[in-house]
Amino acid sequence: MKVLKFGGTSVGSIENIKCVKDIIADGNKKIVVLSAMSGTTNALVNISDLIKNNNIDEALLDVETLYKNYKLVLEELIEEPNLKKDVENYINTVFDFLKDCTSKKHSELLYNKIVSQGELLSTYFFTKYLHQEGVNAQLLPALDFMRIDKMNEPDDFYIQQNLKRIISEALPADIYITQGFICLNAFGKTANLQRGGSDYTATIIGAAVKAEEVQIWTDIDGMHNNDPRFVENTQAISNLSFDEAAELAYFGAKILHPQTVMPAREANIPVRLKNTMDPKSYGTLISKDFKGEGIKAIAAKDGITAIKIKSARMLLAHGFLKKVFEIFEKHETSIDMITTSEVAVSLTIDDDKNLKAIIEELEKFSTVEVDNQQSIICLVGHSVVRHHETHRLFQVLQDISVRMISYGGSNNNISLLVNTNDKITALKQLNSYVFEFTTA
Ligand code: ASP
């Protein structure tokens, strides 16, 4: 059985919803995971923020605008009167709930419940649309089987047991539809897998049912070898190993949620990235096999903060890094890049929520310098650190000021830290360099 996940744009217009139906209705049994229609989760986050800030009138206006959008989709998509009635009732229930939320006290749970409505709406709509088109589909509510544990990790055993059970209890179907992103937490309350988490849902389900393949359908023909927003003539990469894909997903290649690769790698399930608007294009196949050496892709991640910690006490002393790491751990802030010298250590974080408290503690035994607005540029490829052409990277970068380099942390990744203002130039220069030598 295959698991196919369709992102927000794939279910974001009537035309695309019809494309999705054509892709999945091929007579083969499958599980289909859907995101919310594009724009919906952002709108719901906004409504939640307005409630939090007590802007109730504005929140109600936004609820009303979203309601009207869904009514329009309903008018265009569902013609069959009974199905139309069902969907209309469902929309009304969801929007009555959202209106009701505006009079409630804001909490994390309220936020989680509000943002879960997007996936609940898209899957309900889509299942009814498939019924209208004569496709044998059943809806499997994600909240009946998808759960995370106290560490916010997927509870694999629970998921596997419950998914198996609800499939066996459901009416026989060719296509099982379920919601991406949403889940229960360890206490049985509504939670989620973080923004963009539907990809992760797909590979978690893939591992649970031992799928032959997981397909992630988006609006681009696979993972590109550079960022198409800034660099011209980028190309889709046809094959990536799990390790290469994981590095790229984490360091900025927005097409895939960073944790998506993990369950697939553990269960050795290939992940195929495909384009809903161009289903014939090959896309990118992520598997345990690696093809070719040297740099395969470049990606950039913005919003990075660099912290330099200098201390005379570091010289020839042991335990200094432990002390530094403990402070970051205490403030639940993960470190991405790190480089050291005898008297200083530089590191980067992408979440500066607790930066002030971290600096205060570091300053008790060191001098601290902070640079905001940094970007990590990562170059990914199998054995890239050992490839005989990789040294040329430094010639290309002679015009760009590099704040940090991480080389050899993994064989598949070289990371550079640059000022965000230099990012586009660096991406462009590196791009010409990559194409010069990877064809060799
Ligand atoms: N709808 C959620 C979001 O926008 C999850 C997803 O699309 O993957 O973050």
Could you tell me whether the side chain of [Y] reaches within less than 4.5 Å of the side chain of [X], counting heavy atoms only?
X      : Y      : answer
Arg403 : Asp371 : yes
Tyr67  : Lys99  : no
Ile220 : His224 : yes
Pro263 : Tyr200 : yes
Phe125 : Val87  : yes
Lys5   : Trp217 : no

Which residue is it: Asn112, Thr201, Asn185? I am looking for the one with a side chain to side chain donor-acceptor pair (under 3.5 Å) to Asn192.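 Result for side chain to side chain donor-acceptor pair (under 3.5 Å) with Asn192: Asn112.
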Is there a donor-acceptor contact under 3.5 Å from the side chain of [X] to the main chain of [Y]?
X      : Y      : answer
Ser238 : Thr284 : no
Gln132 : Lys128 : no
Thr93  : Asn89  : yes
Asn46  : Asn42  : no
Thr348 : Thr305 : no
Asn16  : Thr9   : yes
His257 : Gln259 : yes
Ser35  : Ser198 : no

N/O donor to acceptor pairs below 3.5 angstrom from side-chain atoms of residues 73-81, sequence neighbours left out:
| unit_1 | atom_1 | unit_2 | atom_2 | d |
| --- | --- | --- | --- | --- |
| Glu75 | OE1 | Lys84 | NZ | 3.3 |
| Glu80 | OE1 | Asn82 | N | 3.2 |
| Glu80 | OE1 | Leu83 | N | 2.9 |

Side chains of [X] and [Y]: is there a donor and an acceptor less than 3.5 Å apart?
X      : Y      : result
Tyr70  : Thr40  : yes
Ser406 : Ser415 : no
Tyr250 : Asp350 : yes
Thr260 : Thr203 : no
Ser281 : Asp221 : no
Gln179 : Thr123 : yes
Asn413 : Glu247 : yes

Evaluate the criterion salt bridge (charged side-chain N to carboxylate O under 4.0 Å, His left out) for residue pair Asp100 and Lys104; output intermediate values, then yes/no. CA-CA 7 Å; Asp100 213 36; Lys104 294 213 166 92; 3.4 Å; yes
Partner residues of Lys189 under the salt bridge (charged side-chain N to carboxylate O under 4.0 Å, His left out) criterion, sequence neighbours left out: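 So Lys189 forms no salt bridge (charged side-chain N to carboxylate O under 4.0 Å, His left out) with any residue.
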Within [range] or reaching into it, pairs that qualify as salt bridge (Lys or Arg N to Asp or Glu O under 4.0 Å) - sequence neighbours excluded:
range            : answer
residues 406-419 : none
residues 162-184 : Arg165-Glu169
residues 258-287 : Glu213-Arg272, Asp243-Arg265

Tell me the closest heavy-atom pair linking Ile377 and Ala426, and the distance in Å.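 Smallest interatomic distance, heavy atoms only, reads CD1-CB, 3.5 Å.
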If a pair satisfies side chain to side chain donor-acceptor pair (under 3.5 Å) and one of its residues is in residues 141-156, list it, with sequence neighbours excluded.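 As it turns out, the side chain to side chain donor-acceptor pair (under 3.5 Å) pairs with a partner in residues 141-156, which skip direct neighbours, are Arg147-Asp155.
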Gap separating the CZ atom of Phe181 from the CG atom of Leu34, nearest 0.5 angstrom: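 Answer rounded to 0.5 Å: 14.0 Å.
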Taking atom CD1 of Ile51 and atom OG of Ser107, what is their separation to the nearest 0.5 Å?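 These two atoms lie 10.0 Å from each other.
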Lys18 and Glu133: salt bridge (charged side-chain N to carboxylate O under 4.0 Å, His left out), yes or no, with the steps? CA-CA 10 Å; Lys18 290 181 177 165; Glu133 301 302 304; over 6 Å; no
So Lys30 and Asp26, salt bridge (charged side-chain N to carboxylate O under 4.0 Å, His left out) or not? Walk me through it. CA-CA 10 Å; Lys30 54 179 71 69; Asp26 60 2; 2.5 Å; yes
